[in-house]
Amino acid sequence: MSGSLFAPDDGPWIERLSVGAALLHGWACADDVRLLEAVDAVAAQAPLRAMATPRGQSMSVGTTSCGDWGWVSDRHGYRYSAVDPETGHPWPVMPDPLRALAQGAAAAAGFAGFDPDACLINCYLPGARMGLHQDKDERDFSAPIVSVSLGLLAEFLLGGLRRADKSARIALLHGDVLVWGGPDRLRYHGVRPVQAGSHPLLGARRINLTFRKAR
DNA sequence: TAGTCACG
DNA sequence: CGCA
């Protein structure tokens with residue numbers, strides 16, 4: 001005998017949260033080193049930076065992107081851009097391990113055929129957070145959102161379709177993948193301030209990868 | 001309103 | 001902590 005009677009210890013397992021949302025526990029754990037190497041390669045070409053909100057305030061997360069489109073924010077608003085505004089260069093190509101992970105996770109959650117053209121990379125140091133918001137800068141909402149967590153624990157907030165709706169608190173651990181789409185595609189969501197800590201692979205940080213179909 | 005902060 |  002080995003392991004707990006109450007928690008699986010032999011690989012990923014899928015928790016269905018609602019009709020269009022699923023939490024894939026530990027889905028990315030087996031590939032974590034490869035994924036982190038890919039993220040580092042992207043960040044070497046398109047450095048993480050704190051973006052400004054349209055009201056001029058600095059976001060607490062460090063952000064970069066890869067793929068055909070990158071999500072950007074400045075005084076002009078939120079939008080997708082084909083080039084990194086910091087360098088004027090196109091975003092780095094989406095590394096194959098990242099694309100494959102997103103496609104596999106989407107399929108496992110019931111969204112076969114997901115073909116992301118944008119991967120937003122957010123780096124959370126302790127204290128960093130993400131306010132409640134909707135992902136609504138994409139052209140159409142038929143494709144799901146695939147969110148991969150690496151490193152420090154995050155307390156994720158999954159709200160409803162209206163800002164005032166109550167949010168559920170979901171613990172996101174290293175390797176967890178959260179997928180939401182269909183009737184849940186426009187759910188408000190956010191991340192509570194990340195608590196201090198240290199992860200064996202990533203140290204004192206959390207990396208989140210968010211895959212979208214922007215166009 | 002992908003933000004912060006004051007107030008109860 | 002929730003609200004404005």
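Here is how names work: the chains are called A, B, and so on, in the same order as the sequence lines, proteins then strands, and each is numbered from 1.
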| Side-chain contact, heavy-atom cut-off 4.5 Å: A:L101 with A:L35? |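 Side chain of A:L101 against side chain of A:L35, heavy atoms only: contact under 4.5 Å found.
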| field | Minimum-distance nucleotide (side-chain atoms of A:R129 versus B:dT4, C:dC1, B:dA2) | value |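 Output: B:dT4.
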| Which listed nucleotide (B:dT4, C:dC1, B:dA2) is nearest to the side chain of A:R212? |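 For A:R212, the side-chain atoms sit closest to B:dA2.
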| Is the backbone N or O of A:R162 less than 3.5 Å from a side-chain atom of A:D165, with the two atoms forming a donor-acceptor pair by type? |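 Yes, the answer is positive, given that a donor and an acceptor are paired below the 3.5 Å cut-off.
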| query | So A:H199 and A:H174, would you call those rings parallel, tilted or perpendicular, with 30° and 60° as cut-offs? | reply | tilted
| Watson-Crick/G-U partner (both atom distances under 3.5 Å) of B:dG3 | none
| message | For C:dC3, give the paired nucleotide (Watson-Crick: N1-N3 plus N6-O4 or O6-N4; G-U: N1-O2 and O6-N3; both under 3.5 Å), or none. | response | none
Protein-nucleotide distance ([X], atom [atom1]; [N], atom [atom2]), rounded to Å:
X	N	atom1	atom2	value
A:E138	B:dA2	CD	C1'	12 Å
A:L157	C:dG2	CG	P	10 Å
A:R75	B:dA2	CZ	P	16 Å
A:H133	B:dT4	NE2	C1'	17 Å
A:R49	B:dA2	CZ	C1'	15 Å
A:N122	B:dG3	CG	P	10 Å
A:Q57	B:dT4	CD	P	7 Å
A:M59	B:dT4	CE	C1'	14 Å

| message | Would A:R185 and A:F141 count as a cation-pi pair here, with the cationic atom under 6.0 angstrom from the ring centre and within 45° of the axis? | response |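 No, A:R185 does not sit over the ring of A:F141.
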| field | Ring-face cation of A:R215 near A:W69 (centre distance under 6.0 Å, axis angle within 45°) | value | yes
| Under 4.0 angstrom between A:R192 side-chain N/O and C:dC1 OP1 or OP2 | yes
| request: For C:dA4, take OP1 and OP2 only and decide whether either is under 4.0 Å from a side-chain N or O of A:R163. | output: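 False: A:R163 side-chain N/O out of range (4.0 Å or more) of C:dA4 OP1/OP2.
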| task | Could you verify whether a donor N or O on one side chain and an acceptor N or O on the other, from A:R212 and A:Y80, lie under 3.5 Å apart? | result | yes
Reckon [X] touches a base, only the sugar-phosphate, or nothing at all at heavy-atom distances under 4.0 Å?
X	answer
A:D74	nothing
A:Y188	nothing
A:S73	nothing

| message | Any residue in residues 139-151 of chain A with a heavy atom nearer than 4.0 angstrom to DNA chain B? Just list them by number, or reply none. | response |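 Under 4.0 Å from DNA chain B: no residue of residues 139-151 of chain A.
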| query | Do the charged groups of A:D68 and A:K213 touch, with an N to O distance under 4.0 Å? | reply | no
